[in-house]
Amino acid sequence: MEWGTADSGQATVEFLLAVPLVIVLGWGVWQVSVAARTAELAGSAARAAARAAALGRSPRQAMLGELPSGLNRSASLRIIGGRAIVRLQVPAVGVGSSLGPIEAAASFPVQR
C-alpha cells in the first residue's frame, strides 16, 4: 500500500459518517420501545383502576400499584361514567423531559 493515494482515508471517512447514523437509529428504536412500554403500562393501570372502582376500592391506589415509580409522578386518573382514563407522560430517552402524553381507558362492570 502506498501512502498518499487518493483513497487512502476513504474507509475512515465512511466509518466516521456511519457512526452518527447508527447512534441516531439506535436512539430512535430505544425511544419507540419506551413509548410502547408506556402505552402498555397506561392500559394496565387503566384496567386496574377500573376494576378497583367497580369493586368499591381505591382506583388511584390500584393505578399507582401498576406503575413504576418513575411514571407515578406524571400519572393522572379520571373516572367518567364507569370508565377509568389514565394519562401518562412518555419519557424522552437521554433528555430530562417528556415527549407528550398518552392515554388509555378501560371499563369494568360494577360488581354487586
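These values consider heavy atoms only, across backbone and side chains, with no hydrogens, waters or symmetry-generated copies. The model shown is predicted, which means the values in this text are computed figures rather than measured ones.
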| query | Any idea which heavy atoms bring A35 and I102 closest together, and the distance? | reply | O-CD1, 4.5 Å
| field | 4.5 Å side-chain heavy-atom contact, S76 and V86 | value | no
| Any V34 side-chain heavy atom under 4.5 Å of P91 side chain | yes
| field | Non-hydrogen atoms of L77 and M63 that approach each other most closely | value | CB-SD, 3.7 Å
| said: To the closest 0.5 Å, what do you measure between CZ (R73) and CG (L88)? | reply: 12.5 Å
| task | Work out which heavy atom in F108 is nearest to a heavy atom in A54; give both atom names and the distance. | result | CD2-CB, 3.6 Å
| From I79 CD1 over to S107 OG, what is the distance, rounded to the nearest 0.5 angstrom? | 10.5 Å
| field | For L25, the rest of its hydrophobic cluster, which grows through side-chain links under 4.5 angstrom | value | L21
| said: Are E66 and L41 packed together at the side-chain level, in the sense that at least one heavy-atom pair is separated by less than 4.5 angstrom? | reply: no
| note | Taking every heavy atom of A84 against every heavy atom of A49, the minimum-distance pair comes out as CB-CB, 3.9 Å
| note | Smallest heavy-atom separation, A48 atom then A62 atom, equals O-CB, 3.5 Å
| request: Any side-chain hydrogen bond (donor to acceptor under 3.5 Å, both in side chains) involving residues 19-43? Give me the pairs, sequence neighbours left out, ordered by first then second residue. | output: R37-E40
| said: Any donor-acceptor pair under 3.5 Å linking the side-chain atoms of Q89 with those of S74? | reply: no
| How does the hydrophobic cluster around L17 look, that is, which other residues are in it when side-chain heavy atoms under 4.5 Å mark a link? | V13
| message | Could you measure the distance from the CG atom of N72 to the CG atom of L64? Nearest 0.5 Å is fine. | response | 4.5 Å
| Transitively linked via ILVMFWY side-chain contacts under 4.5 Å: F15 with I23? | yes
